[in-house]
Asker: 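Structure provided below as C-alpha cells; questions to follow.
When a ligand or atom number is given, it counts from 1 through the structure's own listing order. Residue numbers start at 1 and run along the sequence shown.
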Amino acid sequence: MNPNVQTFFDPATFTATHLVSDPATGVAAIIDPVLDFEPKGGKLSTTSADAVLQAVADQGLSLAYVLETHAHADHLSAGDHIRRRTGTRLVIGKHIADVQRVFAPMFDADDVPTDGRQFDILLGEGDSLPLGELTIGVLHTPGHTPACNSYLIGDAAFVGDTLFMPDYGTARSDFPGGDARTLYRSIQKILALPPATRVFVGHDYLPAGRSDYRWETTVAAEAADNVHVGGQASEDGFVAMREARDRTLAPPTLILPALQVNIRGGALPPASPSGKVFLKLPVTFA
Ligand SMILES: [Fe+2]
C-alpha cells in the first residue's frame with residue numbers, strides 16, 4: 001500500500017508542506033508545516049498551517065505526527081502550533097541536539113535545553129514509526145544540516161532539503177554543521193532507493209526557464225537528470241561545485257527569526273516581563 005500525498009506550497013518561502021496519509025486507516029502526518037512570518041512588521045500568522053489542518057478535517061484524517069525533515073533556516077515551523085491545536089506529536093532527527101548546541105548560544109537562548117526535548121519523538125537512521133498500516137522509515141541524510149532526515153513511507157520519499165527538483169539541483173551545505181561531501185553521500189542513499197520511488201522535495205525555487213512550482217519527481221529522474229548529482233556525477237566534482245556556489249549565496253531572509261523559533265520546536269521565545277514576545281537579532285561587524 002502506498003500513501004496519499006497532498007502538497008501545500010508556500011510561495012513566500014518556496015516551501016512544500018506535504019500531507020501524507022494511509023488510505024486504509026486515514027492516519028496522517030504533516031511534513032514541514034510553515035508558520036507564516038512577515039519580517040518587516042514582525043507579524044505571525046497560522047494561515048498556511050490552518051489550511052493544512054482544514055484539509056485534515058475535510059478528509060476525516062487522523063493526524064498522528066508533524067514530521068520535520070530538519071531545523072529550517074528559511075521559514076518558521078508551525079509544528080508547535082499544530083501540536084497545541086491537535087495534540088499531535090512533533091518528530092525530528094535525533095541530531096537536532098547538535099543543531100541546538102550551535103544555535104542556542106548564538107541567541108543566548110538560555111531557555112533552550114540542547115537535548116531535543118522540545119520535540120516528542122527523535123528518530124535516527126533505521127528507526128521507524130507506524131502510520132496506520134504503513135510504516136515511516138528513516139534515512140539520516142545530513143549535509144545540508146547535521147540533523148536532516150528523509151522519511152520513507154510506502155513508495156514515497158520525503159527528502160527535505162537534500163535533493164530539489166532535477167532541474168534545480170541540491171540544497172546549500174554551508175550552514176554551521178553542513179558539509180558538501182556529507183550531502184553527496186546522503187544523496188547517494190536516496191538515489192539507491194527503487195527507481196520508481198516518488199520523491200517529494202522540501203522547496204522549489206523555479207529555475208530559469210520554468211514558471212510552475214513542482215515538488216514531486218522520482219528517484220529515476222533524479223539519478224538521470226539532477227543538474228548537480230545526476231548522471232553519476234563524481235563526489236569531488238559535486239563538492240567543488242557546491243562549495244563554489246555556496247560562496248555566492250546570501251543568507252536566507254528569515255534565517256535569524258527561523259532558527260531561534262525552530263530550535264524551540266516552532267515555539268516562540270518566552271515573553272518578556274511585560275508580556276511581549278521578542279525575537280533577537282545578533283549583530284556583528286562583517
Ligand atoms: Fe533547510
Side-chain angles (χ1 to χ4, degrees), residues 7-18 30-37 39 48-49 66-80 90-100 102-103 106-107 116 118-119 123 138-151 157-165 168-180 182-187 189-190 199-207 213-215 222 226 228-229 242-243 245-246 248-266:
T7 297
F8 300 75
F9 193 80
D10 174 36
T13 63
F14 307 100
T15 302
T17 296
H18 307 290
I30 297 172
I31 301 177
D32 291 338
V34 173
L35 181 65
D36 306 303
F37 181 63
S48 292
V66 167
L67 305 176
E68 297 282 10
T69 56
H70 62 295
H72 312 278
D74 48 33
H75 68 272
L76 284 62
S77 167
D80 188 65
L90 195 47
V91 181
I92 201 165
K94 65 182 180 184
H95 294 278
I96 184 64
D98 299 335
V99 176
Q100 291 172 318
V102 169
F103 289 107
M106 184 180 295
F107 298 103
Q118 300 82 355
F119 301 84
L123 295 179
V138 178
L139 286 182
H140 180 219
T141 47
H144 173 61
T145 80
C148 288
N149 273 351
S150 295
Y151 298 107
F158 300 89
V159 301
D161 296 7
T162 52
L163 288 166
F164 293 136
M165 293 301 288
Y168 193 84
T170 59
R172 64 195 298 171
S173 59
D174 59 334
F175 296 148
D179 181 73
T182 304
L183 178 60
Y184 181 92
R185 292 175 183 177
S186 291
I187 288 169
K189 290 203 265 186
I190 296 168
V199 171
F200 292 89
V201 302
H203 296 285
D204 185 47
Y205 299 103
L206 290 186
Y213 294 115
R214 299 177 192 172
W215 44 77
E222 295 282 22
N226 187 287
H228 292 170
V229 294
R242 189 68 263 173
E243 292 181 347
R245 181 174 162 82
D246 287 348
T248 71
L249 300 178
T253 304
L254 296 182
I255 186 169
L256 293 170
L259 281 168
Q260 58 195 295
V261 168
N262 294 343
I263 61 172
R264 293 176 166 97

Asker: Counting backbone and side chain alike, does H203 bring an N/O/S atom below 2.8 Å of the Fe ion (ligand 1)?
Answerer: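 Of the N, O and S atoms in H203, none lies under 2.8 Å from the Fe ion (ligand 1), which means no.
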Asker: Side chains of S173 and T182, heavy atoms from C-beta outward: is any pair under 4.5 Å?
Answerer: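 Side-chain contact under 4.5 Å: no.
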Asker: Classify the angle between the aromatic ring planes of F14 and Y205 as parallel (below 30°), tilted (30 to 60°) or perpendicular (above 60°).
Answerer: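 Taking Y205 first and then F14, their aromatic rings sit tilted (interplane angle of 30° to 60°).
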Asker: To make sure I understand the geometry: which N, O or S atom in D161 is closest to the Fe ion (ligand 1)?
Answerer: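 Checking each N, O and S atom of D161, the shortest distance to the Fe ion (ligand 1) belongs to OD2.
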Asker: Within a strict 4.5 Å, meaning less than it, do heavy atoms of the R242 and T170 side chains meet?
Answerer: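 Yes; the side chains approach each other to less than 4.5 Å.
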Asker: Could you tell me if D161 and H203 have a donor-acceptor pair between their side chains, going purely by distance under 3.5 Å?
Answerer: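 H203 vs D161: donor-acceptor pair found between side chains.
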Asker: From the Fe ion (ligand 1) out to just under 2.8 Å, does an N/O/S atom of C148 turn up?
Answerer: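 For C148, the answer is no, given that no N, O or S atom comes within less than 2.8 Å of the Fe ion (ligand 1).
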